[in-house]
Amino acid sequence: MVMEFVRKKSIVRAAELFSTPCLPPLLLLLLFLLCFPCNLTAAESLNSSAGLRKKVSALRLARIQRHLNTINKPAVRSIQSPDGDTIDCVHGHRQPALDHPLLKNHTIQRVAPKKPSFSGRWPAIVAGNSTASRRAWQSWHHAGRCPKGTIPIRRSSVDDVLRAKSLFHYGKKQNRRRPPITAGTAATRTANAPDIVSGNGHEHAIAYTGTEQELYGAKATINVWDPSIQVGNEFSLSQIWVLSGSFDGSDLNSIEAGWQVSPELYGDSRPGCFTYWTSDAYQVTGCYNLLCSGFVQTNNKIAIGASISPISSYDATQFDITILIWKDPKVGNWWMSFGDSMLVGYWPAELFTHLTDRATMVEWGGEVVNTRSDGRHTSTQMGSGRFAGDGFARASYFRDLEVVDADNSLSPVESVTTLAENPDCYDIKSSSNADWGTYFYYGGPGSNSKCL
């Protein structure tokens, strides 16, 4: 009411002044410029896409549009999701993946790969707790479906690109360099897991296994939340990493999948399923989802990058997703399934160097970006925003941790090593039982009296 009163009062005063015949034209113009901006609040001004675009040169806008034309392929059908996303149904043979130079002669793998067989305890679908966990899905399914032979692609916009640091950085993680290892540091304790240590504000709470094993995939079930993000260029995610290569060099290969909240990437604060890949330690190759060529999608029901719904609530029903990543023992491509058995697509073997053979490490857990925008630790939440000790229906979890071995068999993970760089900000606690196998709770609120 106060703001509206100020606006009306400013307009009335302006009208009175403009009606005064003795004011010179230049003074009238000055009064116009001073008074009428009062009609826009700061939030309205910042959120104005038109205002943002006016500050961008025509040349840059043209470059952005040319790039969008390469990833937004012609659609057979377009679906307007209730959450604001536009989902384009694109013929499978016209998807962005096939534009990759290494995939010019690639034939899409139509024969379903042999899924890993289970060689141990079958995981429970419902947790042995008072509140059950259920499967999460995607919001756009309420508005339509993509026809057979097409794949759903979340449409990218000029505004999506403008939120990124640059056109080159759109859809990419920052290059992550490992800081020098010194005695007594977290890096010393995790010399074999460098992806969890970085010098550019990325913080983690993760469990990992590997180095001594031959790994050909990983699986987990993750409950989905909507952590709050302090500033637009920070994110919070929960994912699986499948890794191989030189961890402190420039040839790290990584395949990643999970759920993420990223206002910069998606323009909202909703959690969405995502994928990522790189073959050079996040320097040039790879990207999120289908924002560059690489990942080949074969499924017409999952839109990678689209929001997940419903999501978990505090002391209420928990909604989770199950992700399996594994190497096809016959063809060599790395496949991903969503839910119990839904094949989403694959990362072709041609994209990688070290992962053409096998993985040397698997990680599960959460990651946030801490920009310290106001001079202190971010309040961006990880997981549910609660610490691991809060337990079921309050903290985030990964359950039924499994790995794929050389025989294409799924085996329960017997033990994991855990690490949180800043346990006063985000922590992790692992355990095991008959219902969930090896599991862990993780997360945290970020900034608090002990996390500065």
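We're numbering straight along the sequence, starting at 1.
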Look up atom CG in Asn333 and atom OG1 in Thr356, then write down how far apart they are to the nearest 0.5 Å.
11.5 Å
Checking Gln138 side chain against Trp140 main chain: does a donor-acceptor pair fall under 3.5 Å?
no
Going by the angle between their ring planes, with limits at 30° and 60°, are Trp347 and Phe295 parallel, tilted or perpendicular?
perpendicular
Expected output: side-chain Asp400 to main-chain Ala220 donor-acceptor under 3.5 Å:
no
If we ignore angles and hydrogens, is there a donor and acceptor under 3.5 Å between the side chains of Tyr441 and Ser431?
no
Is the closest side-chain heavy-atom distance between Thr86 and Ile79 below 4.5 Å?
no
Taking 4.0 angstrom as the limit, do Arg270 and Asp268 come out as a salt bridge?
yes
Charged N to carboxylate O under 4.0 angstrom, Lys73 versus Asp99?
yes
Verify, without hydrogens or angle tests, whether Asp328 (side chain) and Gly332 (backbone) share a donor-acceptor contact under 3.5 angstrom.
no
Out of curiosity, Cys451 SG to Arg376 CZ, how far, rounded to the nearest 0.5 Å?
8.0 Å
From CA spacing to verdict: side chain to side chain donor-acceptor pair (under 3.5 Å), Asp83, Ser81:
CA-CA 5 Å; Asp83 58 17; Ser81 176; 2.8 Å; yes
Near Asn69 CG, under 6.0 Å, is it more than 12 heavy atoms from other residues, nucleotides or ligands?
yes
Student check: side-chain heavy atoms of Trp241 and Tyr208 closer than 4.5 Å
no
The criterion is side chain to side chain contact (heavy atoms under 4.5 Å, CB included); which residues satisfy it with Arg154, sequence neighbours excluded?
Asp85, Ile87, Asp160, Tyr266
Asp320 and Arg134 ion-paired at < 4.0 Å
no
Would you say that Asn299 contacts Phe338 through its side chain, given a criterion of any heavy-atom pair below 4.5 Å between the two side chains?
no
Heavy-atom donor-acceptor pair, Arg399 side chain to Asn223 backbone, under 3.5 Å
no
Looking only at non-hydrogen atoms, find the nearest pair between Pro348 and Val296 and report the distance.
CG-CG2, 3.7 Å
Going through the distances and angles, do Ser307 and Ser139 end up as a side chain to side chain donor-acceptor pair (under 3.5 Å)?
CA-CA 6 Å; Ser307 63; Ser139 303; 3.1 Å; yes
Classify the side-chain pair Thr380/Gln230 by whether it contains a donor and acceptor separated by less than 3.5 Å.
no
Has the side chain of Ser396 got a donor or acceptor atom that lies under 3.5 Å from a matching backbone atom of Gly443?
no
Heavy-atom side-chain contact between Ile311 and Trp225 under 4.5 Å:
no
Are Tyr216 and Asp405 close enough that some pair of their side-chain heavy atoms sits under 4.5 Å apart?
no
Heavy atoms of Pro74 and Arg94 approach each other most closely as CG-NH2, 3.7 Å
For the SG atom of Cys146 and the NE2 atom of His91, what is their distance to the nearest 0.5 Å?
11.0 Å
Side chains of Asp159 and Ser157: is there a donor and an acceptor less than 3.5 Å apart?
no
So, does Arg394 use its side chain to make a donor-acceptor pair with the main chain of Arg386 at under 3.5 Å?
no
Ring geometry between Tyr288 and Tyr276 (parallel below 30°, tilted from 30 to 60°, perpendicular above 60°):
perpendicular
Where Ala420 and Asp427 come nearest, the two heavy atoms and their spacing
CB-CA, 4.0 Å
Option from Gln297, Arg145, His141 for which side chain to side chain contact (heavy atoms under 4.5 Å, CB included) with Pro152 holds
Gln297
Taking all non-hydrogen atoms of both residues, which atom of Glu367 and which atom of Met382 are closest, and how far apart?
N-CE, 3.9 Å
Looking at Lys114, is its backbone amide N or carbonyl O close enough to the side chain of Asn408 to form a donor-acceptor pair, meaning the two atoms are under 3.5 Å apart?
yes
Looking only at atom types and distance, does a side-chain atom of Gln65 sit under 3.5 Å from a main-chain N or O of Ala62, one as donor and one as acceptor?
no
Relative to each other, are the rings of Tyr346 and His106 parallel, tilted or perpendicular (30° and 60° limits)?
tilted
Quick one: does Ser313's side chain have a donor or acceptor within less than 3.5 Å of a partner on Ala316's backbone?
no
Should we count CZ of Arg372 as having more than 12 external heavy atoms under 6.0 Å?
yes
Hey, is the main chain of Ser447 close enough, under 3.5 Å, to the side chain of Ser379 for a donor-acceptor pair?
no
Would you call the rings of His202 and His204 parallel, tilted or perpendicular if under 30° counts as parallel and over 60° as perpendicular?
parallel
Go through the steps for Ser279 and Thr285 under the test side chain to side chain donor-acceptor pair (under 3.5 Å), then give the verdict.
CA-CA 6 Å; Ser279 61; Thr285 64; 3.2 Å; yes
Does any part of the side chain of Ile229, heavy atoms only, come nearer than 4.5 Å to the side chain of Ser236, both counted from C-beta?
yes
Looking at side-chain heavy atoms only, is the closest gap between Asn370 and His377 below 4.5 Å?
yes
Applying side chain to side chain donor-acceptor pair (under 3.5 Å) to Asp340 and Thr322, what does each step give before you reach the verdict?
CA-CA 7 Å; Asp340 290 327; Thr322 297; 4.8 Å; no
Does Lys172 make a cation-pi contact with Phe168, if we ask for NZ or CZ under 6.0 Å from the ring centre and within 45° of the axis?
yes
Phe392 and ring-ring contact (aromatic ring centres under 6.0 Å, His included): which partner among Tyr439, Tyr314, Trp436?
Trp436
Test item: Val56 and Leu162 side chains (from C-beta on) under 4.5 Å apart, heavy atoms
yes
For a quick check under 3.5 Å, do Ser254 and Thr278 share a side-chain donor-acceptor pair by atom type?
no
Nearest 0.5 Å, please: how far is OG in Ser293 from NE2 in His100?
5.0 Å
Would you say the ring centroid of Phe398 lies under 6.0 angstrom from that of Tyr442?
yes
For residues Phe274 and Gln239, report the shortest heavy-atom separation together with the two atoms involved.
CZ-OE1, 3.1 Å
Between Ser269 and Asp226 the two heavy atoms that sit nearest each other are O-CB, 4.3 Å
Would you please name every residue forming a side chain to side chain contact (heavy atoms under 4.5 Å, CB included) with Asn233, sequence neighbours left out?
Val231, Glu264, Thr371
Just do the side-chain contact (heavy atoms from CB on, under 4.5 Å) check on Met361 and Phe247 with the steps written out, would you?
CA-CA 10 Å; Met361 179 170 291; Phe247 291 146; 4.1 Å; yes
Is there a donor-acceptor contact under 3.5 Å linking the side chains of Ser78 and Asp88?
yes
Looking at CG of Leu243 and CG of Leu215, how far apart are the two atoms once the value is rounded to the nearest 0.5 Å?
10.0 Å
How are the rings of His67 and Tyr170 set to each other: parallel, tilted or perpendicular (split at 30° and 60°)?
perpendicular
To the closest 0.5 Å, what do you measure between CD1 (Ile240) and CD1 (Ile206)?
12.5 Å
